[in-house]
Amino acid sequence: MEYNFREIEKKWRQRWVAQQTYKVTEDAQRPKFYVLNMFPYPSGAGLHVGHPLGYIASDIYARYKRLRGYNVLNPMGYDAYGLPAEQYAIQTGQHPAITTEENINRYREQLDKIGFSFDWSREVRTCEPGYYHWTQWAFQKMFGSFYCNKCQSAQPIEKLVEHFEKEGTANLDVAQSEELSFTADEWRAKSDVEQQQVLMNYRIAYLGETMVNWCPELGTVLANDEVIDGVSARGGFPVVQKRMKQWCLRVSAYAQRLLDGLETIDWTESLKETQRNWIGRSEGAEMVFQVKSEGVESDKSFTIFTTRADTIFGVTFMVLAPESELVQQLTTAEQQTAVSEYLAYVKKRTERDRISDRKVTGVFSGSYAINPFTGEEIPIWISEYVLAGYGTGAIMAVPAHDSRDYAFAKHFNLPIVPLIEGADVSEESFDAKEGIVMNSPAAGKSALDGFSLNGKTVKEAIAATKAFVASHHLGRVKVNYRLRDAIFSRQRYWGEPFPVYYKDGMPQMIPEECLPLQLPEVDKFLPTETGEPPLGNARKWAWDTSKCQVVDCSAIDNETVFPLELNTMPGFAGSSAYYLRYMDPNNDQALLSTEADQYWQNVDLYVGGSEHATGHLIYSRFWNKFLFDLGVSCKEEPFQKLVNQGMIQGRSNFVYRIKDTNTFVSYGLKDQYDVTPLHVDVNIVSADVLDIEAFKAWRPEYATAEFILEDGKYVCGWAVEKMSKSMFNVVNPDMIVEKFGADTLRLYEMFLGPIEQAKPWDTNGIDGSHRFLKKFWNLYWDSQQVDKLTSQQVDELTSKQVDTQNKQLVNLSTCQLVNLNVDEPTKDELKSLHKLIKKVTEDIENFSYNTSIPAFMIATNELTALKCHKRAILEPMVVLIAPFAPHIAEELWEALGHTTSVCDAQWPVFEEKYLVEDTVKMMVAFNGKTRFGIDFPADADNATIEAAARGHELTPKYLEGKQIMKVIIVPKRMINIVCK
RNA sequence: GCUCGAAUGGUGGAAUUGGUAGACACGAGGGACUUAAAAUCCCUUGGCCAGUGAUGGCUGUACGGGUUCGAUUCCCGUUUCGAGCACCA
């Protein structure tokens, strides 16, 4: 019987749908397991073979867990909002909802062919009102919350109001945009609008005027993770810094918890490290410096942040960020012109300029700061190497021990005072945090309260200085984070609308029971000419508070009808809590029910690309922690284990055209000509040999092409590149499924290499996986009857597929499923099976599928050689392969007489006893060189073995005339004899 | 510059707590079957050397050292590649 994968796979695709094989419900009787893939953005290009890699890996795990008795949640959905759909809409005028729908259908069609065990009844789409209802709801909750540092959690804003009414800002320890100070009386005296403005300083979702990454080409602001090297991640357009009023999420409030949480989850070290870098915790001190301006000590002061408080005696100048508000205050009259010129220069430079050429630039402000430890006057400079957004936007410069300060000091000829014994700072600064401190204070100088660090190690000195700063009220010990609040507004159409309207210029939340606020229709998707977002084009986009519904803009009277927010939410809004929604996708009363949350808890295994390390994976951890504080999610960390699948790169093929001709020369001969390499569609190349007819038909200009062949073939060159349309190297999974079947595709993608590693796709190797499945199939469909046939009858059989040596027939169309004899399996057969059970079980647990495929191949070959036709062996084999190749497994399972799906079978139990040998081969080595192996009884003890070795019984030839110094016996492995 | 990870045949990659390096597959070469092709099956395949041959010897996991009876594995140093962060004070 032939392995007809097309029919088999079609049959089971239909059967799975009809029988709802993959539908899952909460079941208190069984332990849960939650497997999740990062849901795809349905792009117009469809899936290529790289996309399913992670889905296949997680599907194998999901199926395996199900076979082990777990109730497995394995959902799929679509991250449907996003820029490309909208860009397409701008170009074509087609509504993004329509193109998105089309793309989703295409994705679904492709996914369905690969045999995933997704429960499609739980599908979510971020662009559907029933889904973004809860994105809007979460946003409103963030608006209605502040972050309490003392209790380390989000709290309702009402609690903060209570605090203000009682004691103003006294004893307040909360996350805030800037430090405010007022009394309870002052608070009560404020108008409603003023109070609202104050509260904005504390809300977790707040409207803030901040420097944002503005991308003029895209007409929108971008989050930090969407900007790479000063250009937009999508499109590569320049990004400029601009001050704008935007919705922000106070992610920074959660910085420490985001950092601590990393210790509790099972992610790769490199990914955790990436997040640690992104969060960028640094411990240091803030110190206050008084200002002396134009020779007069003023009451002005400013604060700097430093991690090297110990270097306070080496400070020779101060530097302010050009954007700092202090610049205006501290510039003296005579320096005004120079400073203005410098600021104008800085303003012209984009983020990108700053990164690409790091010139040392700066200007003196005219003012001096006073070193709080020594009373020395220190000039205050302004330079772009100090960033406004980090710390306080001002630093104390210690040129001897900071390379940036050093470069600045050299350039402007400022003094350099070394503080570490033995450090040579004549050529470069000594940045390392090691050594013994000296010059603190410098000889002949004195410091406040006789403070000195001389003789201490740097580490001790840092601690001592911090303690001194705190006790003498010169500043405070402070932890700084690089992590900034997330900008949450986008000036785009295709995103979640904010459930917000404006009254007296202050944002108001539309009532919770009126959610979701649906995205309105617009005529034009481009941002308006006035710079307003596309929602400014919507005619019906005003909020009627009396009717609690959206009404026409013309009705705005600012009494009952108010304008709605025009921005939309960014891409990460919808993807930040989708894993929670899968637990209870159709709930219209809540994001999810408590029961669903309690049962499914969090994602046990999350699979996706590492490109989301500083975006999605930070935002959803933040989002989940917020929901955890609210009591909506019972787990603080959303993704317990995370596996990053590597990218599958394309393998491009090239043809070589001789310059100025239409003649193409084969790879091996190209050096004899002056040629231009051209990408050629990999789908008309097989094993690097070009299909010439297909090539001529590919493009009209090649119809008359001529070829210089080698060995009658046209051989193409190749290179590994990103898989993309423009390189003609996109391999479509549909084609592979059509040609080899989904099971082969699944097996081959897993066999390609370790799941985490990037690797090029090479269709050539796929034959091996397909051949294996055929062999596996033939284990079951074979030829008991053949033994009964006479050789003459065998010869007469039409297919004549005879292996002459073994007299065994394969692929014989008349044969039935093996006549499973009921004999006890032999020792060898059981050994093959249990070796496989052990290997496959371990591999799946460790996520290293690439090595279990060979194990299957070896077992199959062994069992074929043993002519094993025993149910006790073959039945567990089907279960073992079911996670990898579900279609063929189902077919064989049914053929073996089962009426239920193989998905509900039991994973075979491994038994050590079948692998225990009667004899153990011990390798014998002399002086570390392995010579040969000798069989010992398995129960021989070390003393017996050593006696045999010393008695020269094992090895007379090698030991002749030598004195045995030492015999080392490694249990069940090796005897090592050391001799002279 | 800092942090993390990696380096094994022509290729993708195996190798348990340190114990016969190169599993398995691709590619390549040879053979069987076939009018032919496809399909299938069998053999060879890290390098060098010796032998008619079975086989044997040397060498070999980026490079240089070290620990060990024994190192792809552990330690120190170097090089290269990948990833992340980056005027972050």
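Just so it is clear: chains get the letters A, B, ... in the order the sequence lines come, proteins before strands, and each one is counted from 1.
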- [ ] For residues A/S324 and A/F302, determine if any side-chain heavy atom of one lies less than 4.5 Å from a side-chain heavy atom of the other.
- [x] no
Open item on the list: How about CD on A/E611, more than 12 heavy atoms from neighbouring residues, nucleotides or ligands closer than 6.0 Å, or not?
Closed with: yes
Task: Options B/C87, B/C24, B/C88, nucleotide nearest the side-chain atoms of A/M857 - done: B/C24
Task: Rounded distance (Å) that lies between atom C1' of B/A25 and atom CZ of A/F856 - done: 16 Å
Open item on the list: For A/G393 and A/E269, find the nucleotide of RNA chain B closest to each by heavy atoms; which residue's nucleotide sits nearer the 5' end?
Closed with: A/E269
Task: Between C1' of B/G82 and CG of A/N644, the distance in whole Å - done: 14 Å
Task: Closest to side chain of A/N850, choosing from B/G13, B/A89, B/A25 - done: B/G13
Open item on the list: Within the 4.0 Å heavy-atom criterion, would you say A/R771 contacts the bases, only the backbone, or no part of the nucleic acid?
Closed with: sugar-phosphate
- [ ] List in chain and number order the residues that pass side chain to side chain contact (heavy atoms under 4.5 Å, CB included) with A/T274, two or more places apart in sequence or in another chain; answer none if no residue qualifies.
- [x] A/A613, A/T614
Open item on the list: Measure CG/A/D402 against P/B/A86 and give the value in whole Å, please.
Closed with: 17 Å
Open item on the list: In whole Å, I'd like the distance from the NZ atom of A/K835 to the P atom of B/A23.
Closed with: 15 Å
Could I get a table of every N or O pair under 3.5 Å where one atom is in the protein and the other is in nucleotides 76-78 of chain B?
none

Task: Test side-chain hydrogen bond (donor to acceptor under 3.5 Å, both in side chains) applied to A/K759 - qualifying residues, sequence neighbours left out - done: none
Task: Separation of B/A89 P from A/F408 CZ (nearest whole Å) - done: 18 Å
TODO: Measure the distance from CG on A/L745 to C1' on B/A25 and round it to the nearest whole Å.
DONE: 16 Å
Open item on the list: Students often get this wrong, so: under 4.0 angstrom with heavy atoms, is A/R281 touching a base, only sugar-phosphate, or nothing?
Closed with: nothing
- [ ] Using side-chain hydrogen bond (donor to acceptor under 3.5 Å, both in side chains) as the criterion, list what pairs up with A/S652, not counting sequence neighbours.
- [x] A/E721, A/N729
Task: Phosphate-side-chain proximity, A/N764 and B/U11, N/O vs OP1/OP2 below 4.0 Å - done: no
Open item on the list: Expected output is a numbered-order residue list: members of residues 751-763 of chain A with a heavy atom under 4.0 Å from any atom of RNA chain B. What is it?
Closed with: A/F751, A/L752, A/P754, A/Q757
Open item on the list: Any base atoms under 4.0 Å from A/D767, or only sugar-phosphate, or nothing? Heavy atoms, all strands.
Closed with: nothing
Task: P gap between B/U45 and B/A25, integer Å - done: 14 Å
Open item on the list: So, using side-chain hydrogen bond (donor to acceptor under 3.5 Å, both in side chains) as the criterion, who are the partners of A/Q275 when residues are at least two apart?
Closed with: A/R621
Open item on the list: Work out how far the P atom of B/A6 is from that of B/C75, and round it to whole angstrom.
Closed with: 11 Å
- [ ] Can you tell me, in whole Å, how much space there is between the C1' of B/U79 and that of B/C69?
- [x] 32 Å
- [ ] Describe the nucleic acid contact of A/I858 in one word from base, sugar-phosphate, nothing, applying a heavy-atom distance below 4.0 Å.
- [x] sugar-phosphate
TODO: Output yes when at least one side-chain N/O atom of A/R404 is less than 4.0 Å from OP1 or OP2 of B/A86, else no.
DONE: no
Open item on the list: With a cut-off of less than 4.0 Å, is there a side-chain N or O of A/Y390 near OP1 or OP2 of B/A89?
Closed with: yes
Task: Chi class for B/G9: syn within 90° of 0, otherwise anti - done: syn
Task: salt bridge (charged side-chain N to carboxylate O under 4.0 Å, His left out) partners of residues 388-405 of chain A, not counting sequence neighbours, each pair once - done: A/D402-A/R404
Task: B/G22 and B/U72, which share atom name C1', separated by this distance in whole Å - done: 11 Å
TODO: Using the test side chain to side chain contact (heavy atoms under 4.5 Å, CB included), find all partners of A/D431 that sit at least two apart in sequence or belong to another chain.
DONE: A/S403, A/S429
TODO: Stems involving RNA chain B: give each as a range paired with a range, ordered by first number, where a stem means at least three consecutive Watson-Crick or G-U wobble pairs under 3.5 Å.
DONE: B:1-7 with B:79-85, B:10-12 with B:24-26, B:27-32 with B:40-45, B:46-50 with B:55-59, B:62-66 with B:74-78
Task: Sequence neighbours excluded, every pair satisfying salt bridge (charged side-chain N to carboxylate O under 4.0 Å, His left out) that has a member inside residues 847-862 of chain A - done: A/K835-A/E862
Task: NZ/NE/NH1/NH2 to OD/OE distance under 4.0 Å, A/E286 and A/K466 - done: no
TODO: Quote, to the nearest angstrom, the C1' distance that separates B/A71 from B/U61.
DONE: 11 Å
Task: Euclidean distance for C1', B/U59 against B/U11 (whole angstrom) - done: 23 Å
Task: Euclidean distance, atom CD of residue A/Q649 to atom P of B/A83 [Å, nearest integer] - done: 10 Å
Task: Between B/A15 and B/U8 - P atom distance, rounded Å - done: 15 Å
TODO: Please determine if a side-chain N or O atom of A/S383 lies less than 4.0 Å away from the OP1 or OP2 oxygen of B/C87.
DONE: no
- [ ] State which residues pass salt bridge (charged side-chain N to carboxylate O under 4.0 Å, His left out) with A/R771; sequence neighbours excluded, sorted by chain then number.
- [x] none
Task: Whole-angstrom distance between B/C74 and B/U16, as gauged at atom P - done: 11 Å
Open item on the list: Output the rounded distance in Å from CZ (A/R276) to P (B/G84).
Closed with: 17 Å
- [ ] By nearest nucleotide on RNA chain B, pick out whichever of A/T392 and A/Q275 is the more 5' one.
- [x] A/Q275
- [ ] Measure from the side chain of A/W278, starting at C-beta and using heavy atoms only, and say which of B/A89, B/C41, B/C85 lies closest.
- [x] B/C85
TODO: Identify whether any heavy atom of A/K775 sits under 4.0 Å from a base atom; if not, whether one sits that close to sugar-phosphate; answer base, sugar-phosphate or nothing.
DONE: sugar-phosphate
Open item on the list: Considering only residues two or more places apart or on different chains, which pairs with a residue in residues 837-857 of chain A satisfy salt bridge (charged side-chain N to carboxylate O under 4.0 Å, His left out)?
Closed with: A/K838-A/E842, A/K839-A/D843
TODO: Taking only the side-chain nitrogens and oxygens of A/K272, find out if one of them lies under 4.0 Å from OP1 or OP2 of B/C4.
DONE: no
TODO: Run through A/W761, A/F740, A/F772 and flag the one making a ring pair (Phe, Tyr, Trp, His ring centres under 6.0 Å) with A/Y748.
DONE: A/W761
TODO: Give the nucleotide from the list B/A23, B/G84, B/C88 with an atom nearest to the side chain of A/T274.
DONE: B/G84
- [ ] Taking atom types as modelled, find out whether A/Y619 and A/D225 have a side-chain donor-acceptor pair closer than 3.5 angstrom.
- [x] yes
TODO: Report the nucleotide, chosen from B/A89, B/C88, B/A23, that has the shortest atom-to-atom distance to any side-chain atom of A/P854.
DONE: B/A23
Task: Residue pair A/Y390 / A/I395, side-chain heavy-atom distance below 4.5 Å - done: no
Task: N or O in side chain of A/R482 less than 4.0 angstrom from B/A89 OP1/OP2 - done: no
